[in-house]
Structures are given as C-alpha cells and as structure tokens.
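Take a look at the structure below.
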Number of protein chains: 2
Amino acid sequence: MSEVRSRVIPEATVARLAVYLRVLTALAESGRRSVSSGELASAAGVNPAGLRKDLSYLGPCGVRGVGYAVGSLRERLARALGVEQARSCVLVGMGNLGSALAGYAGFGTRGFTFVGLLDADPARVGDVVGGTEVRPVDELEQVVAAHGVTIAVVTTPAGVAQSVCDRLVAAGVRSIVNFAPVTLVVPAGVDVRQVDLSVELQVLAFLDQQKGVDVVPHQASRPMTEQVALP
Amino acid sequence: MSEVRSRVIPEATVARLAVYLRVLTALAESGRRSVSSGELASAAGVNPAGLRKDLSYLGPCGVRGVGYAVGSLRERLARALGVEQARSCVLVGMGNLGSALAGYAGFGTRGFTFVGLLDADPARVGDVVGGTEVRPVDELEQVVAAHGVTIAVVTTPAGVAQSVCDRLVAAGVRSIVNFAPVTLVVPAGVDVRQVDLSVELQVLAFLDQQKGVDVVPHQASRPMTEQVALP
DNA sequence: GGCTGTGAAAGTGTTCACAGCC
DNA sequence: GGCTGTGAACACTTTCACAGCC
C-alpha cells in the first residue's frame with residue numbers, strides 16, 4: 001500500500017469547505033489577497049481551530065505566521081469539492097420553488113449549470129426560466145443521458161417525488177437534492193440530501209420552547225406565557 | 001414546572017423527531033393505528049435502533065412486543081417539538097423563493113402560520129400570497145411585536161440579509177431560518193439555521209467525484225489517491 | 001511576534017446487543 | 001414469538017494546546 005496518507009475528508013468538513021469557498025469568493029471579489037484563519041472562521045461562523053483542521057485535510061494550505069492566499073485556497077477548495085469546472089444538473093418540478101431555484105443566477109458562479117428543467121404540466125413546458133427552456137418530464141431519461149448528468153434537484157409534489165427519483169436513478173443520476181417532504185428510497189451508491197423547511201422550522205420551535213423553559217440564561221427574560229395577538 | 005422528564009434531547013434527534021412526525025401524520029391519514037419501529041424507521045430512512053433511542057428521550061412511548069400507537073405518538077412528538085398549537089412566523093423577502101415558501105400550504109398542517117409577509121419592493125406590496133397580504137418591510141417591527149413572533153424566515157438577497165436579521169433580532173425574534181447565502185451574525189441566545197442549495201450541491205459534487213475515483217461500487221474501503229495534492 | 005498545522009483530549013452522536021415486557 | 005427500551009461499545013466531531021515555521 002502506498003505511503004501517501006489517504007486523507008478521508010469527513011462529511012461535516014466537506015459541508016464547511018463549501019461555505020469557506022463562498023466566503024473566499026466574496027473576499028476575492030473585494031480584492032483581498034490573503035486572509036487569516038481567524039478572519040475566515042468568523043466570516044464563516046465557525047471556530048478558527050476547526051477551520052484550520054478542516055483545511056488540513058487538503059494538506060498544508062497556508063503560510064505559517066502569515067495566513068492563506070485567497071486565490072490559491074479558493075482554487076484548491078473548488079478542486080477538492082469537484083466544482084472546478086461547471087457540472088451539469090437537471091431540475092424536476094417547475095412549480096414556484098423549482099422556478100425560484102432555476103432562476104437563481106448564483107449557481108452558475110458556484111459550479112453548476114441546469115441543462116434540463118422538466119415538468120409534467122404541459123402548460124409550463126416551453127417557458128424559459130433562467131435562460132433554459134422547460135421540457136416535458138417524459139424527456140427526463142433523454143436529457144440525463146445526453147449530458148451525462150449525475151446530479152439532480154427534485155422539487156416536485158411529494159406524491160410523485162419517489163417515482164421521479166426512481167427514473168432519475170435508472171437514467172444514471174447518482175446524487176439528488178430533494179425538496180419534497182418525503183424520504184426517498186434509493187439503492188446503495190446513490191446519495192440524497194434532504195431539504196425540508198418544515199423540519200427546520202420545527203427544530204427552531206423546539207429550541208425556542210426550550211429557551212422559554214430554560215431558567216436563568218444571561219438576560220433575565222421573564223417567562224412570558226406565549227401570548228398571541230397583543231395589541 | 002414539571003421537571004421530572006427533563007432529559008436533554010440531542011439536536012440531531014430533534015431534527016429526526018420532526019421527520020417521524022411527518023411520517024406519522026401520513027400514516028394517520030391513511031388510517032393506520034399502530035406501527036413498529038422497523039416500519040417507521042424505514043419510512044423515515046433511519047436505523048430502527050436509532051429511532052427507538054430517539055423516542056426514548058421522550059420517555060417510554062410504545063408497547064413492548066406490539067409497537068407504537070400512531071395517534072398518541074404523533075401528539076407526543078408535536079408537544080415535544082412545541083408545535084402542538086400553531087406558531088406565528090414572519091417571512092422577509094417575497095422574491096421567487098419567498099413566494100414559493102409562503103404559498104406552500106403544507107406549513108399550516110405542520111404547526112406554522114405566516115402572520116407577516118414583508119418585502120422592500122413597493123411593487124410587491126399588496127400582493128396576496130397564500131392568503132396573506134404582502135406588507136412593506138418598514139412594518140417589520142410592528143408585525144413582530146403585534147403577534148409576539150419569535151420565528152422568522154429570511155429569503156432576501158444576500159446583501160441585505162444581515163441588516164434584516166439585525167432588525168428581526170432587535171424586534172424580538174429568537175429563531176431564524178436563513179436562505180440567503182451569507183453567514184448571519186447573531187447574539188448569543190438566537191438560533192439560526194442555514195439552508196443553502198449551493199452548499200448541498202457542492203457536497204453532492206464532492207461525493208459524486210469520490211464515487212468516480214473509487215471504482216468499487218460497494219462500501220468504499222479502498223484508499224483513493226486523493227487528487228487534491230500539489231503545492 | 002504571529003499564525004498555521006496537528007496530535008491528543010473531550011464531547012457528541014450512532015450502532016449493537018440484549019434485557020424486559022407483552 | 002415479537003418488539004420496545006437502554007446501557008455499553010464504537011465512531012465521529014469538535015476543541016484544546018502547543019509544536020513548527022515564517
């Protein structure tokens with residue numbers, strides 16, 4: 001076996017690398033040439049030591065006593081994440097949410113291009129969103145194959161998300177972001193990332209509730225009994 | 001103050017409880033009366049033992065040898081999460097994404113009501129989305145105070161998200177879901193949950209890339225030669 | 001002096017295995 | 001027999017402290 005240490009990057013770290021990349025891009029645009037772990041960490045909302053540890057999985061990235069070079073670190077992160085060159089994605093479900101995502105110009109600058117926007121509703125087919133024409137969902141397999149797409153975004157109604165997912169996987173997609181409020185079942189080797197606003201809100205509701213119960217934090221916030229409609 | 005079952009519920013567990021609640025609601029609608037940990041776990045996409053452990057933080061919930069009663073477990077989860085009765089939220093930024101979220105009827109059934117939809121663009125003010133009228137962002141403080149709102153959703157452009165956040169916090173909001181691609185800075189005691197599709201896609205891009213390098217389709221145990229080296 | 005890189009320690013979350021109950 | 005509830009083992013993450021380098 002080779003002496004080269006196989007650096008397995010923890011998934012939690014990968015998610016933060018994406019955040020660092022975003023911050024670095026903003027810094028680069030504002031003309032910054034170098035940055036310290038403290039600055040970068042504070043802009044990313046993490047602990048500086050943790051940031052250094054995250055970056056250390058890529059091997060030495062900075063200069064001791066100085067900091068990190070914005071440009072080269074950015075390139076390195078993009079390469080590590082696999083977004084150095086733009087990747088093709090498809091998006092299925094051009095309702096309000098799908099249209100919102102497809103119309104968001106920010107993805108292009110972050111390494112993603114929607115090569116297919118698909119919808120089952122004939123009334124939506126032919127619309128142009130973010131410069132791409134909406135096509136009938138029947139063409140899913142064709143679009144995926146034609147562009148060698150491996151990443152898909154699902155924004156369909158919950159009821160059809162699983163069947164759309166099955167078709168995507170059968171067509172060759174291996175990575176899916178799912179916005180439909182259902183748990184997708186996929187074969188081993190396919191990754192799903194679930195985004196569910198209701199879950200986010202419910203987690204906040206729980207934390208919120210705890211704050212009320214939790215006695216004596218810093219600020220003496222008197223136990224207000226959850227009042228609604230106060231004039 | 002009933003402090004008898006004052007067990008600390010891990011945050012990872014809280015997020016999964018919200019998923020179980022969603023699954024249970026679907027089961028209840030389809031008429032199911034009871035369910036086993038195995039079934040529930042498979043519908044939620046988790047390991048059965050982990051699900052039982054999650055539920056055990058609420059105290060004994062089921063019947064040994066039988067399973068869980070759908071209705072009572074659902075109630076119990078809703079109470080634990082603090083969504084037993086509907087909670088008021090505001091949403092700031094009625095662009096495509098904000099409109100999509102505000103128009104999604106599913107929140108009502110999951111314990112949330114948008115009592116304020118706010119936007120800075122006069123052209124959008126007065127629109128009615130999901131039964132609620134869009135109001136000028138200047139009324140933010142007033143709306144938050146009038147309804148005792150503690151939970152907000154931010155879907156503004158990145159450039160104004162921090163200032164909107166500051167105003168929300170000053171007005172009394174303690175929990176925020178942020179869709180803008182910036183890291184919000186908040187005082188201690190305020191929770192932020194960040195949702196960023198670019199980050200999700202980049203994590204998938206990374207995993208996707210690893211699959212390509214690692215040829216074995218089964219469990220990835222082969223050390224791959226991490227192609228991010230190079231000084 | 002300042003800041004990065006990293007092992008070691010502490011903390012958190014997940015999985016296992018089986019005891020306990022129906 | 002079947003299924004829940006849970007301590008104990010394991011794996012993963014974060015934090016700390018300081019060595020190493022500029």
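As the structure is a prediction and not an experimental result, all values here were calculated from the model. Order of the sequence lines fixes the chain letters, A, B, ..., with proteins taken first and strands second; residue numbering starts at 1 for each chain.
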What is the separation between atom [atom1] on [X] and atom [atom2] on [N], rounded to the nearest whole Å?
X: A:R16; N: D:dT13; atom1: CZ; atom2: P; value: 9 Å
X: B:E11; N: C:dG11; atom1: CD; atom2: P; value: 18 Å
X: A:D54; N: D:dT15; atom1: CG; atom2: P; value: 10 Å
X: B:K53; N: C:dG13; atom1: NZ; atom2: C1'; value: 10 Å
X: A:R52; N: D:dA19; atom1: CZ; atom2: P; value: 15 Å
X: A:I9; N: D:dT14; atom1: CD1; atom2: P; value: 14 Å
X: B:L51; N: D:dT4; atom1: CG; atom2: P; value: 9 Å
X: B:L73; N: D:dG5; atom1: CG; atom2: C1'; value: 14 Å

Between [X] (side chain) and [Y] (backbone), is there a donor-acceptor pair under 3.5 Å?
X: A:R87; Y: A:G82; answer: yes
X: A:E200; Y: B:N178; answer: no
X: A:Q194; Y: A:T183; answer: no
X: A:T155; Y: A:G93; answer: yes
X: B:Q202; Y: A:L17; answer: no
X: A:E11; Y: B:L207; answer: no
X: B:R22; Y: A:P181; answer: yes
X: A:E39; Y: A:S34; answer: no
X: A:S36; Y: A:V66; answer: no

**Message:** Can you tell me whether the side chain of B:R64 and the base of D:dG5 have a donor-acceptor pair closer than 3.5 Å?
**Reply:**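 Check fails, no donor-acceptor contact within cut-off.
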**Request:** Within residues 34-49 of chain B, find the residues that approach DNA chain C with a heavy atom at under 4.0 Å, and present them sorted by residue number.
**Result:**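 Residues of residues 34-49 of chain B that come under 4.0 Å of DNA chain C are, in numerical order, B:N47, B:A49.
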**Prompt:** Taking OP1 and OP2 of D:dT13, is either one under 4.0 Å from a side-chain nitrogen or oxygen of A:Y57?
**Reply:**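 No, no such contact exists.
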**Prompt:** If you fit an axis to the five pairs at each end of the helix from C:dG1-D:dC22 to C:dC22-D:dG1, how big is the angle between those two axes, to 10 degrees?
**Reply:**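 It comes to 0° between the two terminal axes.
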